[in-house]
Protein chains: 2
Amino acid sequence: MTIDFQHIDDAQCLAFTGAVEFAGKRWSASILMAVARGASRFTQITASVPGLSDRMLSQRLREFERAGFVDRDVIATTPVQVHYQLTDRGSDLLQSLQPLVNYTQRWAE
Amino acid sequence: MTIDFQHIDDAQCLAFTGAVEFAGKRWSASILMAVARGASRFTQITASVPGLSDRMLSQRLREFERAGFVDRDVIATTPVQVHYQLTDRGSDLLQSLQPLVNYTQRWAE
DNA sequence: CTGGATCCCTATCGATACTG
DNA sequence: CAGTATCGATAGGGATCCAG
């Protein structure tokens, strides 16, 4: 089977595979989904993703921040509150992953 | 930002994250693209993907075969010829990744 | 040509403990 | 609450050599 996959040059190919590999890292997709669904606090995210450890959440969150997928807002109360939310870019990434959900549904079983 | 991400249950979520993580493994996307573009022989794929080693191609190909993404056809010549091609399932997976290409183009720079 | 088998190094991840 | 520090296990991946 030979399909029509959009023609892209080397730079675009690199960006593409980079995005897939980034999103494909363990817990990445789950965390992004949890935040998209409204989990904004650290513990809310942890609670939303079974099996996710503090350490991994912390690490992914920092990566997401650096990559511009999430914003981190610190509210100086006692104790301090931290809110995470998707940026437009992060939101767009997740939306772009949506077809993969449909894909898994098509081939379920 | 809270977006609309399709509601899916736990099983679907697991299938989805599984698919992302599978496609996100190193070289996976590149190999799938190369095959989609018409590289069917082992050495053609190697040549199409800079940096890809024989060992990794061999490994990914076996994983793809097991997962039902590619078919492996052996032609008993001397030396033996092996042709790989995407299955419908593999083709569908790749198509589902297409929006990610558009995503990277939107956010290029 | 199409890989399999080894070796070895590193990144990644999980568990646990601790802090402002 | 929202993390950081540390440690040890393991899986992933690169290089190299070999074989049908």
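Because the structure is predicted, anything quoted here is derived from the model rather than measured. Here is how names work: the chains are called A, B, and so on, in the same order as the sequence lines, proteins then strands, and each is numbered from 1.
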### Query
What is the distance from CD of Glu63(B) to P of dG3(C), rounded to the nearest Å?
14 Å
### Task
Could you tell me the separation between the CE atom of Met56(B) and the P atom of dC9(C), rounded to a whole number of Å?
19 Å
### Message
Check the phosphate of dG3(D) against Tyr84(A), side-chain N and O only, distance under 4.0 Å to OP1 or OP2. Yes or no?
### Response
yes
### Nucleotide dA11(C), atom C1' - distance to CD of Glu21(A) in whole Å
14 Å
### Message
By nearest atom, which of the nucleotides dC1(C), dG3(C), dA2(D) is closest to the Ser58(B) side chain?
### Response
dG3(C)
### Query
Whole-Å distance between dC13(C) P and Leu52(A) CG?
11 Å
### Query
Does a side-chain N-to-carboxylate-O contact under 4.0 Å join Glu63(A) and Arg60(A)?
yes
### Task
Determine yes or no for a side-chain-to-main-chain donor-acceptor pair under 3.5 angstrom, with Ser91(B) supplying the side chain and Leu86(B) the backbone.
no
### Query
In terms of ring plane angle, is the pair Phe69(B) and Phe64(B) parallel, tilted or perpendicular, where the classes change at 30° and 60°?
perpendicular
### Task
Figure out the CG/C1' separation between Leu57(B) and dA15(D), and round it to whole Å.
16 Å
### Query
If only side-chain N and O atoms of Ser53(B) are considered, is one of them under 4.0 Å from the OP1 or OP2 phosphate oxygen of dG13(D)?
no
## Note on the structure
Taken to the nearest whole Å, CG/Leu61(B) to P/dG4(C) is 9 Å
### Summary
Winner on side-chain proximity to Thr43(B), out of dC13(C), dT2(C), dG3(D), is dT2(C)
### Query
Rounding to a whole Å, what distance do you find between Gln59(A):CD and dA5(D):C1'?
13 Å
### Out of dA2(D), dG14(C), dG3(C), whichever nucleotide has its closest atom nearest the side chain of Asp54(B)
dG3(C)
### Query
Where do Trp27(A) and Pro50(A) come nearest, in terms of heavy atoms and distance?
CZ3-O, 3.6 Å
### Query
Taking only N and O in the side chain of Arg41(B), is any of them less than 4.0 Å away from OP1 or OP2 of dC1(C)?
no
### Task
Among the candidates dA2(D), dG14(C), dT4(D), find the nucleotide nearest to the side-chain atoms of Trp27(A).
dG14(C)
### Message
Within the 4.0 Å heavy-atom criterion, would you say Arg55(A) contacts the bases, only the backbone, or no part of the nucleic acid?
### Response
base
### 5' priority, DNA chain C, between Arg62(B) and Arg60(A) [closest heavy atom]
Arg62(B)
### Task
Establish whether the base of dG13(D) is bridged to the side chain of Arg26(B) by a donor-acceptor pair shorter than 3.5 Å.
no
